[in-house]
Number of protein chains: 2
Amino acid sequence: MKTDERIVQAMAELLRVQGYAATGVKQLTEAAGAPTGSIYHHFKGGKREIATAALRSTGAAYIQLLPLLLDPYDDLAEGVEAAFAQAAEDLENTGWANMCPVGTVTGEIADAEPALREVAAEVFASWVEEGTRYLTGRGLSPDDARAATYALLSALEGAFILARGQRSREPLLAAGHATAAYVATLRKPAPLTP
Amino acid sequence: MKTDERIVQAMAELLRVQGYAATGVKQLTEAAGAPTGSIYHHFKGGKREIATAALRSTGAAYIQLLPLLLDPYDDLAEGVEAAFAQAAEDLENTGWANMCPVGTVTGEIADAEPALREVAAEVFASWVEEGTRYLTGRGLSPDDARAATYALLSALEGAFILARGQRSREPLLAAGHATAAYVATLRKPAPLTP
DNA sequence: GTCTATAAAGTGATAGAC
DNA sequence: GTCTATCACTTTATAGAC
């Protein structure tokens, strides 16, 4: 992998585990296997610029999971619940570290780092757009699809925090069950006349 | 207010706005109006001990809002949706800063600060206990009440993050609507025979 | 493009006068 | 119990050899 890509990926991982403020450039050099000079050669904006690149990169990667996780399920609500269960398993298997870096960083620096907050807002907006498109394709009305996307993302990000704090799958499973129950109220039953 | 209380309250406010790692002791002295010596006189454990006290303090305060917000509504689902709308208004009125410090800090330091993570876990557990008790009193089965509490807390914490990042009420309103719809599926209709 | 050395500022924490 | 001065260390970022 190219040096600049290694740097961005290492930053994304560090952001996910410990957030922005606690991540030092020295730590980044060790994680990326690139010395300080390389860091600032590739990213003259330093730590902040690397973090923005990391958020954009992971933002683009994460949204691809949506169809991958939900497509296999004919019943949308069932798929939602399974996706949360999958997230819970992933979280536990990574020692309760595998959280979304965008959520972590947004909660931490929304006021102190306007540039990062704007990037996070962009990423969230792209997720909502993509999620709305997908759920509309699954039979929801555009308004319902957009609201359901926001509800799903909120439940997921929040349950990540609770699960990580308590080191328990229970918050993710409960949030998944609740979101599925909500989605089920939106799905209109198939017409009786085929 | 006593000096040690001012210190804890100032820390809670700073945690809420900018998290743990970004909050410096010097900044805390200015916010609390107490010099460095006073800080370490009252809290020999320094920054970390003050943060734990702040999390416990705000944790105890926040859970009291649950009955205050929901008691006025005979219909539980209606109350849940109104509570999220209230949270959205509060968040906007404070310049998108008024988030839960426990959620902020948990997402940020779950791995790097084990002591703080444990305190956060305690606070979450107390919230779940209290929420389960309350919702049971509102007619839900104990299992449903516990799951609904987790779902409500997750949706709230996650929607706070999205709303703060996007500076929009929409995530909180959508999450509130979804959580209300879910709660409505749990409430058994009143028996027809009185 | 990579690497080392270092600058300049800030960090958490402590000592000790008052 | 309050306050100031300061230590020891780390931080982000830069300079310049290779």
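In this structure, B/Thr29 reaches neither bases nor backbone, as no heavy-atom distance under 4.0 Å exists between it and the strands shown.
Rounded to a whole Å, the CD atom of B/Glu30 is 13 Å from the P atom of D/dT4. Protein atom CD of B/Glu49 is 12 Å distant from nucleotide atom P of C/dT14, rounded to whole Å. We find that CD1 of A/Ile7 is positioned 11 Å from P of C/dG1, with the value rounded to whole Å. Distance B/Ile50 CD1 to C/dT11 P: 15 Å, rounded to the nearest Å. Between the CZ atom of A/Arg48 and the P atom of D/dT12 there is a distance of 11 Å, given to the nearest Å. Atom-to-atom, NZ of A/Lys47 to C1' of D/dT14 comes out at 17 Å; the value is rounded to the nearest Å. Here the C1' atom of nucleotide C/dG12 and the OH atom of B/Tyr20 are 9 Å apart, to the nearest Å. Atom-to-atom, CD of A/Gln18 to C1' of D/dT11 comes out at 14 Å; the value is rounded to the nearest Å.
Side chains of B/Gln18 and B/Gln27: a donor on one and an acceptor on the other come within 3.5 Å. Between A/Gln166 and B/Tyr150, the side chains place a donor N or O and an acceptor N or O closer than 3.5 Å (distance only, hydrogens not considered).
A salt bridge is defined here as a Lys NZ or Arg NE, NH1 or NH2 lying under 4.0 Å from an Asp or Glu carboxylate O, and A/Arg56 with A/Glu122 meets this definition. Contact check on A/Glu49 versus A/Lys44 returns no salt bridge, with no Lys/Arg side-chain nitrogen under 4.0 Å from an Asp/Glu carboxylate oxygen.
A cation-pi arrangement is found for B/Lys47 relative to B/Tyr20, the charged atom lying closer than 6.0 Å to the ring centre and inside a 45° cone about the ring normal.
Using a 4.0 Å cutoff on non-hydrogen atoms, the parts of residues 32-42 of chain A near DNA chain D are A/Thr36, A/Tyr40, ordered by number.
Comparing A/Ala22 and A/Lys44 by the nucleotide of DNA chain D whose heavy atom lies nearest to each, the residue mapping closer to the 5' end is A/Ala22.
Residue A/Thr3 has its side chain nearest to C/dT2 when only C/dT2, D/dT2, D/dA13 are considered.
Listed for the A/Glu157 side chain is no donor-acceptor partner under 3.5 Å among the backbone atoms of B/Ala159.
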- Applying side-chain contact (heavy atoms from CB on, under 4.5 Å), run through A/Leu69 and A/Gln86 and close with a yes or a no. CA-CA 9 Å; A/Leu69 287 168; A/Gln86 180 67 51; 4.2 Å; yes
